[in-house]
Number of protein chains: 2
Amino acid sequence: MAAKRSGARSKRSQGISVSPQSVQEPRSELPLSLQRIVATAVELLDAEGVDGLTMRKLADRVGSGAMSLYWHVDNKEAVFDLALDSVLEYRGPPQIVESPDWRGEVVHMLEDWRASMLRHPWSASLLPRRALGPNILCRLELLSKTLSKAGVADPDLNVAIWSLWNYVMGATVTRASFDISDDDRAAAQQRLTRLGERYPTIERSRLLLDNDWDGAFRKGLDFLLDGLAPR
Amino acid sequence: MAAKRSGARSKRSQGISVSPQSVQEPRSELPLSLQRIVATAVELLDAEGVDGLTMRKLADRVGSGAMSLYWHVDNKEAVFDLALDSVLEYRGPPQIVESPDWRGEVVHMLEDWRASMLRHPWSASLLPRRALGPNILCRLELLSKTLSKAGVADPDLNVAIWSLWNYVMGATVTRASFDISDDDRAAAQQRLTRLGERYPTIERSRLLLDNDWDGAFRKGLDFLLDGLAPR
DNA sequence: ACCTGAACACCGTTCAAGT
DNA sequence: ACCTGAACACCGTTCAAGT
């Protein structure tokens with residue numbers, strides 16, 4: 001299963017953030033650069049999804065020959081890794097605020113994380129399968145620090161972080177993929193009602209019909225934090 | 001983003017379970033059938049991962065021309081859907097046992113769900129992005145029924161189910177993709193220690209080094225259930 | 001140092017045709 | 001009803017070559 005992710009250190013493996021004003025360059029002749037490649041990859045992914053990213057299409061958008069990309073980037077995998085991490089830059093409070101409200105901070109951090117991924121729906125399904133880039137590690141570090149300060153003992157920290165990670169990733173991937181056309185939503189709804197007698201409890205809970213994703217995310221997160229909270 | 005998933009009803013859209021004795025047919029001339037295609041697709045996915053599944057390779061393994069598959073199956077997407085659902089058949093207690101231990105039942109159901117997916121690591125990353133097949137719906141219905149009997153009120157049922165779903169999916173996807181070669185593990189470990197001064201709390205929690213995935217899954221699940229439990 | 005086109009070994013799927 | 005080969009429009013990536 002995707003064996004070699006070791007030699008991933010290409011020419012520049014720093015975190016790269018996409019400057020948002022690069023909406024659509026007039027395809028002029030600004031020099032090809034890793035930054036530009038990554039930014040354009042994000043645009044392309046936003047526009048056409050994971051399957052829409054093609055080295056050839058990417059080169060086209062960037063205004064170069066298809067093979068020029070390979071000087072800046074090892075391969076397509078690397079493009080995914082860079083695009084993913086670039087989208088997860090954390091623009092939070094630069095240093096930890098001295099506030100006793102650790103719960104509020106954790107909720108804020110995780111809601112921001114989720115929001116960042118939902119802005120680029122392809123990122124949600126990609127993240128858990130990829131190496132942890134610097135921006136991701138930075139978010140994890142901040143989360144750990146907050147929990148630790150809140151009184152979570154070191155031996156429990158690992159479980160606490162993974163639980164929150166698992167919850168956020170699951171919630172975001174699911175939400176991103178259920179955010180589909182209304183046609184599909186209607187079809188699913190109809191299919192489920194047709195199958196109502198086979199799945200009565202599901203139907204009663206309106207599992208697939210309720211639209212309040214944000215509220216559900218928040219409530220479930222509260223449940224988890226209730227359990228995690230140092231007694 | 002994967003627009004049309006509507007007309008997915010192909011010739012036979014029932015749940016199909018893979019008979020485990022079909023290890024490797026002597027490539028004899030048993031007739032091509034949907035069952036056999038799906039079973040072979042699972043074999044191929046197990047052997048070569050998501051990217052390894054190719055209509056041409058699948059046809060080869062099944063001993064037919066590449067295009068023969070398309071009589072039984074709409075397209076490659078359908079193969080994924082069928083393979084996924086076939087792997088998630090629930091062989092649990094056929095009817096709900098009358099036991100007061102709802103927590104034990106929920107834990108058992110979710111551990112079984114996770115175990116089924118880990119037996120076929122490709123399934124974890126596929127599931128949240130796909131339509132809910134009959135086997136998946138069956139598992140969800142059973143979960144809902146158990147929670148409902150345990151006293152979770154109808155308005156909370158939706159959140160409860162999604163929270164558990166999110167946690168299980170997140171945990172399983174993450175676990176499946178971190179279960180990589182020891183080389184990669186060693187590399188990640190080394191990289192993280194090298195970055196120790198940048199991410200001290202992560203390092204202290206041994207986030208990526210602890211190997212007790214099953215225990216961590218169980219503990220986090222307990223936290224969540226603590227929060228969910230009807231008071 | 002940076003970019004390129006031609007070429008290779010693949011893909012999924014359409015189509016017109018076979019039995 | 002079931003299967004097939006040829007063909008089309010794509011892929012990612014190697015390589016030898018250009019500036």
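Convention: sequence-line order gives letters A, B, ...; per-chain numbering from 1.
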Salt bridge B/Arg139-B/Asp112, side-chain N to carboxylate O under 4.0 Å: yes

A/Asp214 and A/Arg114 ion-paired at < 4.0 Å: yes

Are A/Arg175 and A/Phe217 in a cation-pi contact, defined as NZ or CZ under 6.0 Å from the six-membered ring centre and within 45° of the axis? no

Return the stems involving DNA chain C, sorted by first number, where pairs are Watson-Crick (N1-N3 with N6-O4 or O6-N4) or G-U wobble (N1-O2 and O6-N3), both under 3.5 Å, and runs are 3 or more long. C:4-8 with D:12-16, C:12-16 with D:4-8

P atoms of C/dA17 and D/dC2, separation to the nearest Å: 22 Å

Rounded to whole Å, please give me the gap between [atom1] in [X] and [atom2] in [N].
X: B/Leu34; N: D/dC2; atom1: CG; atom2: C1'; answer: 14 Å
X: B/Ile37; N: D/dC3; atom1: CD1; atom2: C1'; answer: 11 Å
X: B/Trp71; N: D/dC3; atom1: CH2; atom2: P; answer: 8 Å

Test your reading of the model: is there a side-chain donor-acceptor pair from B/Glu141 to the backbone of A/Thr201, 3.5 Å cut-off? yes

Would you tell me if any nitrogen or oxygen in the side chain of B/His72 comes within less than 4.0 Å of OP1 or OP2 on D/dC3? yes

Identify the residue among B/Asn135, B/Ile136, B/Leu142 that makes a side chain to side chain contact (heavy atoms under 4.5 Å, CB included) with B/Tyr90. B/Leu142

Give every pair of a protein N or O atom and an N or O atom of nucleotides 10-12 of chain C that lie under 3.5 Å apart, one pair per line with the distance.
| residue | atom | partner | partner atom | Å |
| --- | --- | --- | --- | --- |
| C/dC11 | O5' | B/Thr54 | OG1 | 3.4 |
| C/dG12 | OP1 | B/Met55 | N | 3.4 |
| C/dG12 | OP1 | B/Lys76 | NZ | 2.9 |
| C/dG12 | OP2 | B/Met55 | N | 3.1 |
| C/dG12 | N7 | B/Arg56 | NH1 | 2.3 |
| C/dG12 | O6 | B/Arg56 | NH1 | 3.3 |
| C/dG12 | O6 | B/Arg56 | NH2 | 3.2 |

Is the closest side-chain heavy-atom distance between A/Val87 and A/Trp122 below 4.5 Å? yes

Given the rule in the side-chain contact (heavy atoms from CB on, under 4.5 Å) test, do B/Val50 and B/Phe80 qualify, once you have shown the distances and angles that lead to the verdict? CA-CA 9 Å; B/Val50 191; B/Phe80 275 126; 3.9 Å; yes

Within residues 160-169 of chain B or reaching into it, pairs that qualify as side-chain hydrogen bond (donor to acceptor under 3.5 Å, both in side chains) - sequence neighbours excluded: A/Thr174-B/Trp165, B/Asn158-B/Trp162

